[in-house]
Amino acid sequence: MKILGIESTAHTLGVGIVSEEEILANQRSMFEPDEGGIHPRKAAEHHYQHALEILNNALQEADLEAGELDGIAFSQGPGIPQCLDVGAVMARSLALRYDLELIGVNHCLAHISIGKRTTRAENPTTLYVSGGNSQIIELRSGRYRIIGETLDIALGNALDKLAREMDYPHPGGPEIEKLAEKTDEIIDISYPIKGMDFSFSGLVTECERKIGKKDDKIIANSFQEHSYSAVVEALERAMAQENSDEALLTGGVAINSRLREMVEKMCEQRDAEAYFPPSEYCMDNGTMIAHQGMIELKADIETDVESSGKKPNWRPDEVEVEWIKED
Ligand code: AMP
Ligand code: MG
C-alpha cells in the first residue's frame, strides 16, 4: 500500500509518501515570518504558493505517479484554520482526480505513530512538545488520553516569543538552545508545574523582565532549565502513574539536546527506555500524516469528502483508536 500524506497545520507545508516497508518521500517548505509570529493568512498563502512544487518533489523522490497511490491522507486538525484549508483542498482534489481513498487524520496522533514506527517504541508515554501543542499522551482503553498538558501556551511558542523579545530570529527554540549552551549559570525564576500540567506564559513574562538586566545567555539557560524540568517531571509522574517503562519524545522542541538529556536521565533512573525519533520526524512533516493514513486505511477507516472539513480544535482524545488492538 502506498499513501501520500499532506501536513499543513501551521508553519510547515509537508508532503510525504510511505509504504508498509519504506518511507518513500519527505518534502517540506516552511513559512518563515519576516517579523512577529505566524500570520495565519500569510502562512496559508505560502502553502498555496508551494503546494504543487512540494507535491511534485515528493512524487519525484518516491519515483511514483499520483495514479499509483492507494490513498491521500491529510492533517484535518488541530491547527490554524486558514492553513488547514490548504491541505484539505489539496487532498480532496487529488483523491477525486485520481479516484483514491481520502483519510483525514489527527496531527497529534500522527506524531506518536511515526515516533513508534521510527524508534520501535511499543506503548510509550509520549511527551509531545511543539510550536502549537504541549501534551503528555498515553493509550488507555481505546483512546490516546491526555494525561497532562499546558494550561496556557505551548512550549515551542514560549521559546519563540522569548527569542523574539530578545531580538533573535524565528524559530526561537534553536536560538535559545545555542545561547543556553554557552553558560551553566541560572537565575531563580518560577517553576511552572501543577500536578501533571504545566504553563509557560508567566515564565516568558518573568524572563522578558530580565532582558537588558541579565545576560541573554543566562536568561536562555534559565528558561530552558526551568521549563524543561517541569515537562520532564510531569512526564515522570505520568509514567509512574501509568506504570510505563517507555517514554517517547516528539514535536519540534524534541530536537533540543538538553531536553533529550533530561528525558534520558529520568528514564535511566526508573529503568525505562527513552525513544527519540530522528529530527525530521519530530518536527511537523508529511510523512507522519502518510503513515497515520496508512494504518487507519488498513483498519478500514476513511473519510468521505462531505466530512473532510477542517477541525481546528480536534483533540487527540476525541479519536477512537480502532487501528490498535490492546491486550
Ligand atoms: P513543530 O510545531 O513541531 O514543527 O515545532 C516547531 C517548534 O519547535 C518551534 O516553536 C521551534 O522553536 C521549536 N524548536 C525547533 N528546534 C528546536 C530546538 N533545537 N530546541 C528547542 N525548540 C526547538
Ligand atoms: Mg506538530
Side-chain angles (χ1 to χ4, degrees), residues 5-14 16 26 28-33 36-38 43 46-47 74-80 83-84 87 105-115 126-135 137 144 146 149-150 153-166 168-181 200-201 203-204 220-221 223-232 248-263 276-289 291-292 312 314-316:
I6 304 169
E7 161 57 30
S8 75
T9 57
H11 48 73
T12 300
L13 174 72
N26 186 22
R28 69 161 62 83
S29 171
M30 237 152 120
F31 168 68
E32 280 164 20
I38 303 171
H46 162 273
H47 297 350
F74 68 103
S75 263
Q76 201 170 1
I80 300 170
C83 296
L84 287 171
V105 309
N106 182 285
H107 172 94
C108 312
L109 298 186
H111 270 291
I112 299 176
S113 297
I114 196 71
T126 300
L127 174 61
Y128 167 37
V129 273
S130 71
N133 299 285
S134 294
Q135 298 172 328
I137 305 171
Y144 276 102
I146 302 171
E149 64 185 317
T150 180
I153 58 174
L155 182 49
N157 187 206
L159 289 160
D160 295 339
K161 269 188 158 168
L162 179 60
R164 194 155 64 233
E165 290 303 319
M166 297 200 294
Y168 294 93
H170 189 92
E175 303 291 330
I176 300 279
E177 176 170 30
K178 275 185 259 165
L179 285 166
E181 273 166 3
F200 306 111
S201 71
L203 202 56
V204 173
N221 195 44
F223 187 87
Q224 281 210 151
E225 292 302 304
H226 285 77
S227 61
Y228 294 172
S229 304
V231 292
V232 176
L248 175 69
L249 187 59
T250 190
V253 185
I255 296 167
N256 187 278
S257 39
R258 179 65 181 131
L259 178 58
R260 288 186 176 211
E261 188 183 9
M262 285 188 190
V263 172
F276 309 111
S279 301
E280 63 201 295
Y281 304 120
C282 281
M283 56 173 97
D284 289 350
N285 65 90
T287 302
M288 68 180 191
I289 305 303
H291 176 65
Q292 182 64 36
W314 195 16
R315 287 170 66 83

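Order of appearance sets the numbers: ligands from 1, and atoms from 1 within every ligand.
- A tilted orientation is assigned to the rings of His46 and Phe31, their planes being inclined by 30° to 60°.
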Evaluation steps, side-chain hydrogen bond (donor to acceptor under 3.5 Å, both in side chains), between Glu7 and Thr12 = CA-CA 7 Å; Glu7 161 57 30; Thr12 300; over 6 Å; no
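- Protein heavy atom at the shortest distance from atom 22 (N) of ligand 1 is Gly173 CA, 3.3 Å.
- Taking any N or O of Thr12, backbone or side chain, none lies under 3.5 Å from an N or O belonging to ligand 1.
- The residue from Gly132, Gly156, Gly131 that puts a heavy atom closest to atom 2 (O) of ligand 1 is Gly131.
- What you find for Gln224 and Arg258 is that their closest heavy atoms are NE2-CB, 3.9 Å.
- With respect to Glu181 and Lys178, no salt bridge is recorded, no charged nitrogen being found less than 4.0 Å from a carboxylate O.
- Among the atoms of Met283, no N, O or S atom is found under 2.8 Å from the Mg ion (ligand 2).
- The protein heavy-atom contact nearest to atom 20 (N) of ligand 1 is Asn256 ND2, 3.0 Å.
- Each of the following atoms of ligand 1 lies closer than 4.0 Å to a heavy atom of His11: 1 (P), 2 (O), 4 (O), 6 (C).
- Among the heteroatoms counted here (N, O or S) of His111, NE2 is the one nearest to the Mg ion (ligand 2).
- Shown here for Cys282 and Pro277, the closest heavy-atom pair between the two residues is SG-O, 3.4 Å.
- Nearest heavy atoms, Ala254 versus Leu249: CB-CG, 3.5 Å.
- Against a heavy-atom cut-off of under 4.0 Å, Pro171 is close to the following atoms of ligand 1: 11 (C), 12 (O).
- Of all non-hydrogen atoms in Arg28 and Asn285, the two that sit nearest each other are NH2-CB, 3.4 Å.
- For ligand 1, the polar-atom distance check finds an N/O of Gly252 within less than 3.5 Å of one of the ligand's N/O atoms.
- Note on His107: its N/O/S atom closest to the Mg ion (ligand 2) is NE2.
- Proximity to Leu159 (heavy-atom distance under 4.0 Å) selects the following atoms of ligand 1: 21 (C), 22 (N).
- At least one side-chain heavy atom of Met262 sits under 4.5 Å from a side-chain heavy atom of Glu225.
- Val129 is listed as a side-chain neighbour of Leu259, based on a closest heavy-atom distance under 4.5 Å.
- Residue contacts with ligand 1, taken as heavy atom pairs separated by less than 4.0 Å, involve Tyr228 solely via side-chain atoms from C-beta onward.
- Considering both main-chain and side-chain atoms, Glu177 comes within under 3.5 Å of ligand 1 through a nitrogen or oxygen pair.
- Per residue Asp284, closest N, O or S atom to the Mg ion (ligand 2): atom name OD1.
- Applying the 4.0 Å criterion to heavy atoms of Gly172 picks out, from ligand 1, the atoms 12 (O).
- Proximity of His107 to Tyr128: side-chain heavy atoms (C-beta onward) are separated by under 4.5 Å at one or more points.
- Of all the heavy atoms of Asp160, the ones lying under 4.0 Å from any atom of ligand 1 belong exclusively to the side chain.
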